[in-house]
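Notes to accompany the following structure.
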2 protein chains.
Amino acid sequence: MRRPTIMDIAKAAGVSKGAVSYALNGRPGVSESTRERILTIANDLGWAPSNPARALAPGGRVGAIGMVVDRPARSLGIEPFFMQLVSGVETELSAQGVDLMLQVAEDVEAELAVYRRWAAERRVDGVVMVDLRVSDPRPEAMGVLPLPAVLLGGPEGAGGLPCLYTDDGVPMREVVHYLAAMGHRRIVRVAGPEEFVHTHSRTEAFRQAAERSGLLQSRTVHADYTGEAGSRTTRRLLAEAEPPTALVYDNDLMALAGLGVAAEMGIEVPSQLSIVAWDDSALCQMVRPSLTAVSRDVVSHGRRVASMLNAVLSGQQVESEETLAGELRPRGSTGPLTV
Amino acid sequence: MRRPTIMDIAKAAGVSKGAVSYALNGRPGVSESTRERILTIANDLGWAPSNPARALAPGGRVGAIGMVVDRPARSLGIEPFFMQLVSGVETELSAQGVDLMLQVAEDVEAELAVYRRWAAERRVDGVVMVDLRVSDPRPEAMGVLPLPAVLLGGPEGAGGLPCLYTDDGVPMREVVHYLAAMGHRRIVRVAGPEEFVHTHSRTEAFRQAAERSGLLQSRTVHADYTGEAGSRTTRRLLAEAEPPTALVYDNDLMALAGLGVAAEMGIEVPSQLSIVAWDDSALCQMVRPSLTAVSRDVVSHGRRVASMLNAVLSGQQVESEETLAGELRPRGSTGPLTV
DNA sequence: TTGAAAGCGGTACCAC
DNA sequence: GTGGTACCGCTTTCAA
């Protein structure tokens, strides 16, 4: 039982292939009555367009977009961020009948290799990029590739790519002022890898806010988003002569690990140590004490960035957009010092 | 700058399209010298096969396989299982130049709709299915669809689909005997949704093991894998007149939530309550006390199931396989009762 | 409005 | 061994 083609429909309706194509795509060139007849027959036959054929036809689209993710494989599985993002991207895409290709890669070079292959083999119509780096080679590389891209991140270093960006300065200041108001003087931020642009801008915001609040002992240290790195870093910090009284993490996972280390070292949260997470996945409300976190709507970011890419693909001029600022959600892991 | 086609190569080499195709695909029909010349030119031109064109040609493959996941969107983001599985599937696929399409769906019907669309539009060559249900409509539905599928799960109810299955009876017995040996009499298992086949077989194994150990007050209750459900269920259980002294969860997330609830209720783990998780993602080692868990190599399951699908797609007769049994990893969340 | 036909970029068959 | 060609299923142009 072969898949029906427009030729089958044409024969059944006694018209030509071209007429069927017009009817099916809702464009002028056939009379209303013919269109209806064709549509009925197509439906009866259970016809659906062959995607490869559509893509091959001049000007045709592949009907898929791609996403490559290149964080350490170990952290990937439990990093809530990505699946939430994928979820949002998906929601937007499936409304348009577009599919999502997902790849994990080792590093930026491998990621670029995937884009090059996708472009060369015509696997996807465009891509969504994440985790912009300082001097990221991708924006420039995408410039010469016939592969439209939008970026979640930026706008600095976006190299002209349309991007959906966030001003983390707002929530970062909120966090610092909140902690400072509760009497914390030694706040250390456990950040993501230094090479990420968003890490960088958060670091700058943190530094400024801390300085303005006169928190001279505050600083940022870097880890790689994994729970292991979060644990190790936290252990080291809490073992210092003058340990921090508050820790601000760049993702939920490291904050969770940090909470574990505090427990393991017999340091009580929040009376001896305050902890702030970032992203606010459901994990934060699952542990005790629950984690104070900066919340952002990752699913909606996914939706928006997908919709931007869609617009680019349909030839529209797309402007970069800013997301709503993240919001601080105070919970049990933060409080005044009681020592 | 148009993408180069085999016609361009043919012209440059002064041969026919057919010859180029043979040369490029490493099959007989061209002399060795011609082949080399063609390969060089193809390389110089930066040629790569057009995937749509390849797929369209008779007998052509799309070069992509699909995966649909239909767990509640909220749990998806933080459920480590899926990204790990995807990771494994990917590793295997990318070695073959095959891409992965990912979709999230509301329920089995929506999932089937995606398969039907993928088949009708020729979007993928085959699919990997997970979360087999009791009286699952999918195996039978896939039978009439021209879309090869392999199943992670089964083998009961697999309906003839090649599957990669696990005997959870082994680790389940290990868990029960371990807890019983430490003096636990009231063990409650907080399972996944009743409709899953793997839930069912674990329930049966749990029941038998408990019975054999004379643990008459042991039972299974169901939740939906989310942290919220894990919390709610745990809270209810621990508030009973004769609360359980050990809880065995069907995934890490619910176990984590359960640990949180115990803390919130002032119940000490493990002296008053033992907790066992299932899957053993990195989360288990991140919390305090660390979670005893049944460990299974989800990434490797992904690799294997992808390789089975690959074999099916290349026309081989594929037998179902069994995975290594999960292993109990005792950690801090389990111990003898000290009351 | 409708029908015929030319691509799109490969694969594979068939003469030579 | 090699070149020519039909075909895959759809879109779109061009005549009728």
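The shown structure was predicted, so the numbers you read here are calculated from the model rather than taken from an experiment. In what follows, chains are A, B, ... by sequence order, proteins preceding strands, each numbered from 1.
Atoms CG (A:Asp8) and C1' (D:dG9) sit 10 Å apart, rounded to a whole Å. Rounded to whole angstrom, the span from the CG atom of A:Asn51 across to the P atom of D:dC8 amounts to 18 Å. Between the CD atom of B:Glu36 and the P atom of D:dG1 there is a distance of 16 Å, rounded to whole Å. Between B:Tyr22 atom OH and D:dG4 atom C1' the separation is 11 Å, expressed in whole Å. The distance from atom CD1 of B:Ile6 to atom C1' of D:dC8 is 14 Å, rounded to the nearest whole Å. The CZ atom of A:Arg35 sits 10 Å away from the P atom of C:dT2 (whole-angstrom rounding). Distance, A:Lys11 NZ to C:dG3 P: 15 Å, rounded to whole Å. For the pair B:Met7 CE and C:dG7 P, the interatomic distance rounds to 12 Å; values are reported in whole Å.
Among the protein residues, A:Val20 comes within range of no part of the nucleic acid, since none of its heavy atoms lies under 4.0 Å from any strand. Within 4.0 Å (heavy atoms only), A:Ala23 reaches no atom of the nucleic acid at all. Residue B:Ala10 is out of contact with every strand shown, counting any heavy-atom pair closer than 4.0 Å. Looking at heavy-atom distances under 4.0 Å, A:Arg27 makes contact with sugar-phosphate atoms alone, never a base. Here A:Pro49 lies in heavy-atom contact (under 4.0 Å) with sugar-phosphate atoms only. Among the heavy atoms of the strands, none lies under 4.0 Å from A:Arg61. Base contact: A:Ser21 has a heavy atom under 4.0 Å from a base atom.
At distances below 3.5 Å, at least one donor-acceptor pair connects side-chain atoms of B:Thr5 with backbone N or O atoms of B:Met7. Side chain of A:Arg27 to backbone of A:Ser21: no donor-acceptor contact under 3.5 angstrom is found. A donor-acceptor pair under 3.5 Å links the side-chain atoms of B:Glu90 to the main chain of A:Val104, judged by distance alone.
Residue A:Thr34 places at least one side-chain N or O under 4.0 Å from the OP1 or OP2 atom of C:dT2. The side chain of B:Ser31 contributes an N or O atom lying less than 4.0 Å from OP1 or OP2 of D:dT2. Within the 4.0 Å cut-off from OP1 or OP2 of C:dT11, at least one side-chain nitrogen or oxygen of B:Arg54 is found. One finds no side-chain N or O of B:Trp47 lying less than 4.0 angstrom from the OP1 or OP2 phosphate oxygen of C:dG9. Proximity of A:Arg3 to the phosphate of D:dG9: no side-chain N or O atom is located under 4.0 Å from OP1 or OP2.
Side-chain N/O atoms of B:Lys17 and base N/O atoms of D:dG3 include no donor-acceptor pair closer than 3.5 Å.
Along DNA chain D, the nucleotide closest to B:Glu32 and the one closest to B:Ala53 are compared, and the more 5′ of them pairs with B:Glu32. Ranked by how close their nearest DNA chain D nucleotide is to the 5' end, B:Ala19 and A:Gly18 are led by B:Ala19.
The nucleotide whose nearest atom lies closest to any side-chain atom of A:Ala57 is, among C:dA4, D:dG9, C:dG10, D:dG9.
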Side-chain atoms of residues 48-61 of chain B: list all donor-acceptor pairs with protein atoms under 3.5 Å, sequence neighbours left out, distances to 0.1 Å.
unit_1, atom_1, unit_2, atom_2, d
B:Ser50, OG, B:Ala53, N, 3.2
B:Asn51, ND2, B:Val62, O, 2.8
B:Arg54, NH2, B:Asn25, OD1, 3.1
B:Arg61, NH2, B:Leu313, O, 3.1

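Of the candidates B:Ile9, B:Val15, B:Asp8, B:Ile9 is the only one forming a side chain to side chain contact (heavy atoms under 4.5 Å, CB included) with B:Ile41.
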(message) Please determine whether side chain to side chain donor-acceptor pair (under 3.5 Å) holds for the pair A:Asp99 and B:Trp118, giving the CA-CA distance in whole Å, both sets of side-chain angles, and the decisive distance to 0.1 Å.
(response) CA-CA 10 Å; A:Asp99 281 312; B:Trp118 277 349; 3.3 Å; yes
